[in-house]
Amino acid sequence: MAIHLTKESKILVQGMTGGEGMKHTRRMLAAGTNVVGGVNPRKAGRTVDFNDRPVPVFGSVAEGMDATGADVTVVFVPPAFTKAAVTEAADAGIGLAVVITEGVPVHDSVTFLDRARKRGTRVIGPNCPGLISPGQSNAGIIPADITEPGRIGLVSKSGTLTYQLMYELRDIGFSTCVGIGGDPVVGTTHIDCLAAFQDDPDTDLIVLIGEIGGDAEERAAAYIRDHVTKPVVGYIAGFTAPEGRTMGHAGAIVSGSSGTARAKQQALEAAGVRVGRTPTETARQVLAVLDSGV
């Protein structure tokens, strides 16, 4: 099993005929992902050939779902059009929308996330690398060749750190890796993924990657304390960041002691999470937990 994405997932790509959409659709197909169509109302009816794999282009998400049974969409559209794209997908009733686009206005994100919740569509992102269930399916921009299938679940705010932990633990492998994005407002949270990994019989250990700013990791710590019985290992990016500065992601704003890496580490450790000071140390913590049989 895996969470949110399996080999049975049928994927549409909104913006498939654009430069980024074409590049990453090709990569997803090479990873064995079942991409069943693209969406571009101006190019509806055409077919795009990806190394002898023809993929039809539909005029809308609803049309693509009707024709193919798609249950996932990956969104590669410019920020100004993201709200309309996700709203269209939610109104069509698709189960999962993976929003890769960076730079989406926060007001737009709030609007389309509210619409998606009301329609029953799970959103991952925006400003995220997507998710991958190695050996099954890859929806987004995560490299498919840096790890193997296994029994670790990973949820991360940071795309780069997602890739690094995947590589560091490649010999153990992952059930699913989810990059939730680092914007102030995102659809799927650490807690959502923790709950799904807790219920997944093929996930034995969970890796949680956070970063400075906000209180998402503190809320995740409270959830782990009360609801998660599987071992969790964490890493917080930003231990050396100066206080009161915006660092990288729009959500990484620290004010006083609130939102610091140290405060998040303390909250997680109080919930029984082992927290590494570096990605490599975090990977060693994972190996130590697995070796101990906890």
Side-chain angles (χ1 to χ4, degrees), residues 2-5 9 11-16 18 20-21 23-25 27-28 33 35 39 61 70-92 94-133 137-143 153-163 166 176-194 196 208-211 213-214 216-217 220 237 248-252:
I3 70 166
H4 306 322
L5 188 74
S9 299
I11 295 177
L12 295 173
V13 181
Q14 290 174 264
M16 185 184 75
E20 290 299 304
K23 176 174 70 176
H24 291 294
T25 298
R27 294 177 63 255
M28 286 189 281
T33 305
V35 177
V39 178
V61 174
D71 53 2
V72 178
T73 182
V74 183
V75 180
F76 287 103
V77 304
F81 305 110
T82 301
K83 180 173 74 171
V86 181
T87 299
E88 176 191 330
D91 287 348
I94 204 155
L96 175 65
V98 182
V99 187
I100 307 301
T101 309
E102 182 178 0
V104 179
V106 173
H107 181 271
D108 286 2
S109 295
V110 171
T111 301
F112 70 65
L113 289 171
D114 180 64
R115 184 67 158 262
R117 277 190 292 269
K118 290 175 179 175
R119 297 291 191 270
T121 295
R122 173 177 295 282
V123 176
I124 295 177
N127 188 19
C128 78
L131 71 163
I132 181 172
S133 297
S137 189
N138 183 10
I141 64 174
I142 296 175
L154 186 151
V155 54
S156 173
K157 276 186 178 179
S158 166
T160 302
L161 292 172
T162 299
Y163 313 152
M166 286 172 61
T176 303
C177 304
V178 186
I180 60 174
D183 278 5
V185 179
V186 294
T188 296
T189 66
H190 284 117
I191 291 174
D192 295 327
C193 292
L194 287 166
L208 182 151
I209 300 175
E211 63 185 11
E217 294 79 7
H249 286 162

Query raised in the report: Can you check whether Pro79's main-chain N or O pairs, donor with acceptor, with Thr101's side chain at less than 3.5 Å?
Result: no

Report task. Would you mind telling me which of Ile11, Ile132, Thr176, Val35 makes a side-chain contact (heavy atoms from CB on, under 4.5 Å) with Ser137? Result -> Ile11

Query - pair Ile100-Val74: side-chain heavy atoms closer than 4.5 Å - result: yes

Query - Flag side-chain contact, heavy atom, 4.5 Å: Asp108 against Thr82 - result: no

Query raised in the report: Got a second to check how far Asn138's CG is from Met28's CE, nearest 0.5 Å?
Result: 7.0 Å

Report task. Give the minimum heavy-atom separation between Cys128 and Gly179, together with the two atoms involved. Result -> CB-O, 3.1 Å

Query raised in the report: Between the side chain of Thr87 and the main-chain N/O of Lys83, is any donor-acceptor distance below 3.5 Å?
Result: yes

Query raised in the report: If you round to the nearest 0.5 Å, how far is OG1 of Thr33 from CZ of Arg27?
Result: 9.5 Å

Requested in this report: Search all heavy atoms of Pro129 against all heavy atoms of Tyr163 and return the closest pair with its distance.
Outcome: CB-OH, 3.4 Å

Report summary line: Rounding to 0.5 Å, atoms OG (Ser9) and CG (Leu96) come to a distance of 7.5 Å

Query raised in the report: How many angstroms lie between atom CD1 of Ile142 and atom CG of Leu131, to the nearest 0.5 angstrom?
Result: 6.5 Å

Query - Distance in Å, Glu217 CD paired with Glu211 CD, rounded so as to fall on 0.5 Å steps - result: 7.0 Å

Query raised in the report: Between CG of Asp114 and OG of Ser109, what distance do you get to the nearest 0.5 Å?
Result: 12.0 Å

Identify all side-chain donor-acceptor contacts of residues 185-193 below 3.5 Å with residues at least two apart in sequence or on another chain.
residue	atom	partner	partner atom	Å
Thr188	OG1	Arg122	NH1	3.1
Thr188	OG1	Val123	O	2.8
Thr189	OG1	Ile191	N	3.3
Thr189	OG1	Asp192	N	3.1
Thr189	OG1	Asp192	OD2	3.2
His190	NE2	Ile209	O	3.0
Asp192	OD2	Thr189	N	3.0

Query - Residues which pass salt bridge (charged side-chain N to carboxylate O under 4.0 Å, His left out) with Arg117, listed by chain and number, not counting sequence neighbours - result: none

Report summary line: What one should report as the nearest heavy-atom pair of Gly130 and Val98 is CA-CG1, 3.6 Å

Query raised in the report: Val39 versus Thr73: any side-chain heavy-atom pair under 4.5 Å?
Result: no

**Report entry** Beyond-backbone contact of Phe81 with Val75, side-chain heavy atoms, under 4.5 angstrom
**Finding:** no

Query - Distance-minimising heavy-atom pair for Cys177 and Met166 - result: SG-CG, 3.6 Å

Query raised in the report: Between Ala116 and Ala90, what is the shortest heavy-atom contact and its length?
Result: CA-CB, 3.9 Å

Query raised in the report: Has the side chain of Gln14 got a donor or acceptor atom that lies under 3.5 Å from a matching backbone atom of Val61?
Result: no

**Report entry** Partners passing salt bridge (charged side-chain N to carboxylate O under 4.0 Å, His left out) against Asp91 (at least two apart in sequence or in another chain)
**Finding:** Arg115, Arg119

